[in-house]
S.K.: 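I have a structure here, written as structure tokens, and I will follow up with some questions on it.
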Amino acid sequence: MEYVLPNDDRLSLPDGATGADAAAAIGPGLARAALAVKVDGVTYDLARELPTDGERRIEIITERSGDDALALIRHDAAHVFAETMLELYPGVQIAIGPPIQNGFYYDLELPAGVSVGEEDLPAIEARMREHIAADERFVREDVPVAVALDRYRAEGQSYKVELIEDLVKNAPADAPLETVSLYRNGDFVDLCRGPHAPSTGRIRAFKLQSVAGAYWRGDSHNKMLTRVYGTAFFSAKDLDVHLERLELARRNDHRKLGRELGMFGFSETAPGSAFWFPAGTAVYNELVRLSREMGLTRGYTEVKTPQLFDSSLWKTSGHWDKYREEMFVTESEDRQLAIKPMNCPGHCQLYLMQAHSYRDLPIRYSEPGLLHRNEPSGTLHGLLRARHFAQDDAHIFCTEDQIQDEVAAVLRFAFETYGLFGLDLRLELSTRPDQRIGSDELWDRSELALENALASLGLEYTVNPGDGAFYGPKIDIHMTDSLGRSWQLGTCQLDYNFPERFDLTYTGADNAAHRPVMIHRALMGSYERFIGILLEHFGGQLPFWMAPLQALVLPISDRHNAYGESVRERLVAAGVRAELDDRSESVARKIREGELRKVPFMLIVGDREQQAGEVGVREHRGGDKGSVPIEDFLAMVHDLITSRSLT
RNA sequence: GCCGACGUAGCUCAGCUGGUAGAGCACUUCACUCGUAAUGAAGGGGUCCGGGGUUCGAAUCCCCGCGUCGGCUCCA
């Protein structure tokens, strides 16, 4: 039997040869380094017989094979972890333990009254190291379903029993499941489809990182299990590099940066809601201004609608049935009222209050309205998940013929906005959810319209089936934070349902009433969340045009304070956010503190500058740039501001 | 909301097995008047998250709340 190697060489092996045999046939070094074998892109255990049908491409996986190799030992480490937990915590029930993006986890149910905290992890790690030092072999065994079930029932491992029963249930009718694979290392046997490295000794470095809760099968109706996260690498150095990267990301946490830069903070007096200091408010307002300016030239008009609405509005929109728990509700004079969690019903009401002709459409109402959503306490996360926020929100009322152009224009607008920040956006199309309003026919049309708009621009996107809003499908814009977590920022949602529910109409050319279509859109999403993402993206050093403090004037000594103040006044008059540091401190100290505040420019003024009418320019992290006339500096920053330059 | 951890000065944190609180930075005052990442000295500042309980005595132990962090679920 011949196999094709990655370099297109052919390797001849007898039938029944394994991946290990293949590696040995190529060379003794590779035989020692081999962890697994990839056959046509599917990873196999080294000990497994290679398929003998057709032409197969094989590739030996070693430590150098990148993520494929790491996933193997991380999965191995998960098994060693479960093995150790069974020893240290008798009665523990183990569920599942897969490799993930940067490591692995294992879910388990601890015996009643027992809990594991992060302080217990070192002891568990120590025991795990013994199993790794013992270099236990991973041995795969395919056993009849009944044997596996008996085994796990006898051991009281009910999650494993459930997993096997489901495998049986979900097997296709024409190919009923007869065997399941078990992997043994040492005395530990786990239900697992594999593959694994040859032995536990291949795990060179690992760490248990955190303890968390996770619902069995990801369903909140199920029991909550204990999940331990960990990671593994081929060297202590790689592990250290990874841990350092996590540490760096933590330094870029927007909550930490926001406090350090004096931008915003949080208080127990308003959980989930940011308090904005002047520095943060300046940044916030720059974004609102950007959104207004860009909207103005793209046909948007700004409106204002109330904060508090009678519950009848939310009943009409459907929020009352679906989201009442997440709304802040109050009452007055026997009326139930709710603070708005979104602007769209208010905009529908606004639309209803005037008569509309097809000549008016599309109408594009924008409103950075303050929204409140009573998010569950456990989900709050600084600015990224808040109870009080505003969006760069707009609602487009248009005819069905206008949908595709409007959606395409929204997406173009989004790309223009994100380009200003150097952000890459990731598009996701979310389709009809289980809980929804409106007929299937409407959903068919909505989903098709969005797909057409995406196709017309030739954009790449992924599909999230069932993830749409309850009133319509949507195209979401996603970004990733400093720790690799994905957040939704912008959205573009197509909606036939609200126009129905609110009975929105326009008069057509035929003088008859027609139903408009509504597009809900936000590009940055919530300003709060967007600022959080920007802070992490830029590591706190925002582009000049939106920096909280743009220039800091530093007199060399007290006798230069008056000149410094005159410089500051000229900057402020030119629209630059500037401060004067007139404390009786050394220049070195003022500079150090300015650098820590990440101020883009420090302007040092002493005798020389005072006499020449100049400023000594020092760029953040760029050092001394020499002295220039004030006019030159003003002209330069004017350009940075008007172009909204990234630097 | 669920699981786990945490909550001490404005910030970052120390405070061992219970004996009525400390450091650095920040702040105030004084001196210094300084040329590109910390001048020196003195001083002020704490219901130890809140409420109960155990104890002669609680920041420390127990219970209940609240908040925060890490996840899970959710996210119009």
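Just so we're on the same page: letters track the sequence lines, and every chain starts at 1.
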S.K.: Decide whether a cation-pi geometry holds between A:Arg521 and A:Tyr300; the criteria are a distance under 6.0 Å from NZ or CZ to the six-membered ring centre and an angle within 45° of the ring axis.
M.R.: yes

S.K.: Using a cut-off of 4.0 Å on non-hydrogen atoms, how would the nucleic acid contact of A:Gly218 be classed: base, sugar-phosphate, or nothing?
M.R.: sugar-phosphate

S.K.: Using a heavy-atom cut-off of under 4.0 Å over every strand shown, decide if A:Val211 touches base, sugar-phosphate, or nothing.
M.R.: base

S.K.: Rounding to a whole Å, what distance do you find between A:Phe275:CZ and B:U68:P?
M.R.: 11 Å

S.K.: Give a yes or no on whether a salt bridge exists between A:Asp219 and A:Arg217, defined as a side-chain N under 4.0 angstrom from a carboxylate O.
M.R.: no

S.K.: Taking any heavy-atom pair under 4.0 Å as a contact, classify A:Gln209: base, sugar-phosphate, or nothing.
M.R.: nothing

S.K.: Any side-chain N or O of A:Ser210 less than 4.0 Å from the OP1 or OP2 oxygen of B:G71?
M.R.: no

S.K.: Below 4.0 angstrom, N of the basic side chain to O of the carboxylate: do A:Asp607 and A:Arg559 qualify?
M.R.: yes

S.K.: Relative to A:Trp216, does A:Lys223 satisfy both conditions: NZ or CZ under 6.0 angstrom from the six-membered ring centre, and within 45 degrees of the ring's axis?
M.R.: no

S.K.: Spell out yes or no: do the side chain of A:Tyr215 and the base of B:G71 have one donor N/O and one acceptor N/O closer than 3.5 Å?
M.R.: no

S.K.: Which ones in residues 605-630 of chain A lie close to RNA chain B, meaning a heavy atom under 4.0 Å from one of its atoms?
M.R.: A:Gly606, A:Asp607, A:Arg608, A:Glu609, A:Arg618, A:Asp624

S.K.: Tell me the interatomic distance from A:Asn374, atom CG, to B:C74, atom P, rounded to whole angstroms.
M.R.: 18 Å

S.K.: On the nucleotide B:U29, are OP1 or OP2 found under 4.0 Å from the side-chain N or O atoms that A:Arg583 carries?
M.R.: no

S.K.: Quick check: does any side chain N or O of A:Gln93 sit under 3.5 Å from a backbone N or O of A:Ser158, one acting as donor and the other as acceptor?
M.R.: yes

S.K.: Is any NZ, NE, NH1 or NH2 atom of the basic residue among A:Glu595 and A:Arg592 found under 4.0 Å from an Asp or Glu carboxylate oxygen of the other?
M.R.: no

S.K.: Can a donor-acceptor pair be found, under 3.5 Å and without considering hydrogens, that links the side chain of A:Glu619 to the backbone of A:Lys625?
M.R.: no

S.K.: Look at all strands and tell whether A:Ala214 reaches a base, only sugar-phosphate, or nothing, counting heavy atoms closer than 4.0 Å.
M.R.: sugar-phosphate

S.K.: Calculate the interatomic distance between A:Tyr229 atom OH and B:G4 atom P; express it in whole Å.
M.R.: 16 Å

S.K.: Looking only at the side chain of A:Ala212 (C-beta and beyond, no hydrogens), which of the listed nucleotides B:G1, B:A76, B:G71 gets closest?
M.R.: B:G71

S.K.: Report which part of the nucleic acid A:Pro341 touches: base, sugar-phosphate, or nothing (heavy-atom distance under 4.0 Å, all strands).
M.R.: base

S.K.: How do A:Ile591 and A:Arg529 order along RNA chain B: which one's closest nucleotide is nearer the 5' end?
M.R.: A:Ile591

S.K.: Looking at A:Arg589, does any N or O in its side chain come under 4.0 Å of the phosphate oxygens OP1/OP2 on B:A26?
M.R.: yes

S.K.: What is the distance, to the nearest angstrom, from the CG atom on A:Asp476 to the P atom on B:C74?
M.R.: 15 Å

S.K.: In whole angstrom, what separates A:Ile477's CD1 from B:C75's P?
M.R.: 19 Å

S.K.: Which part of the nucleic acid, if any, lies within reach of A:Glu593 when heavy atoms closer than 4.0 Å are counted: base, sugar-phosphate only, or nothing?
M.R.: sugar-phosphate

S.K.: Salt bridge or not for A:Arg589 and A:Glu593, using N-O below 4.0 Å?
M.R.: yes

S.K.: CE of A:Met224 versus P of B:G4: gap in Å, rounded?
M.R.: 9 Å

S.K.: Across the strands shown, which category fits A:Lys474 at heavy-atom distances under 4.0 angstrom: base, sugar-phosphate, nothing?
M.R.: sugar-phosphate

S.K.: Can you say whether the rings of A:His319 and A:Tyr323 are parallel (under 30°), tilted (30 to 60°) or perpendicular (over 60°)?
M.R.: tilted

S.K.: Separation of A:Arg387 atom CZ from B:G67 atom C1', in whole Å?
M.R.: 11 Å

S.K.: Quick one: sort the A:His395 and A:His347 rings into parallel, tilted or perpendicular, breaks at 30° and 60°.
M.R.: perpendicular

S.K.: Can a side chain N or O of A:Arg255 be found less than 4.0 Å away from OP1 or OP2 on B:C69?
M.R.: yes

S.K.: Could you say whether A:Gly272 or A:Phe498 is positioned toward the 5' end of RNA chain B, judged by the nucleotide with the nearest heavy atom to each?
M.R.: A:Gly272

S.K.: Using only heavy-atom distances, decide whether a donor-acceptor pair under 3.5 angstrom links the side-chain of A:Ser584 to the base of B:U33.
M.R.: yes

S.K.: A:Lys322 NZ to B:A76 C1': how many Å, rounded?
M.R.: 7 Å

S.K.: With the stacking rule set at 5.5 Å and 30°, tell me whether A:Tyr471 counts as stacking on B:A76.
M.R.: no

S.K.: Verify the contact: side-chain N or O of A:His381 to OP1 or OP2 of B:G70, cut-off strictly under 4.0 Å; return yes or no.
M.R.: yes

S.K.: With sugar-phosphate meaning primed atoms plus P, OP1 and OP2, does A:Phe266 contact a base, only sugar-phosphate, or nothing at under 4.0 Å between heavy atoms?
M.R.: nothing

S.K.: Check A:Asp444 with A:Arg432, please: is the shortest side-chain N to carboxylate O separation under 4.0 Å?
M.R.: yes

S.K.: Considering every strand and a 4.0 Å limit on heavy-atom distances, what is the contact class for A:Arg385: base, sugar-phosphate, or nothing?
M.R.: base

S.K.: Does A:Ser557 reach a base, just sugar-phosphate, or nothing at all? Heavy atoms under 4.0 Å.
M.R.: base

S.K.: Could you check which residues of residues 104-118 of chain A get a heavy atom under 4.0 Å from RNA chain B? Sort them by number, please.
M.R.: none

S.K.: Classify the nucleic acid contact of A:Arg373 as base, sugar-phosphate or nothing, counting any heavy atom under 4.0 Å across all strands shown.
M.R.: base

S.K.: Counting side-chain heavy atoms from C-beta on, which of B:G67, B:A76, B:U39 comes nearest to A:Pro271?
M.R.: B:G67

S.K.: Quick one: does NZ or CZ of A:Arg74 land under 6.0 Å from the six-membered ring centre of A:Phe104, within 45 degrees of the ring axis?
M.R.: no

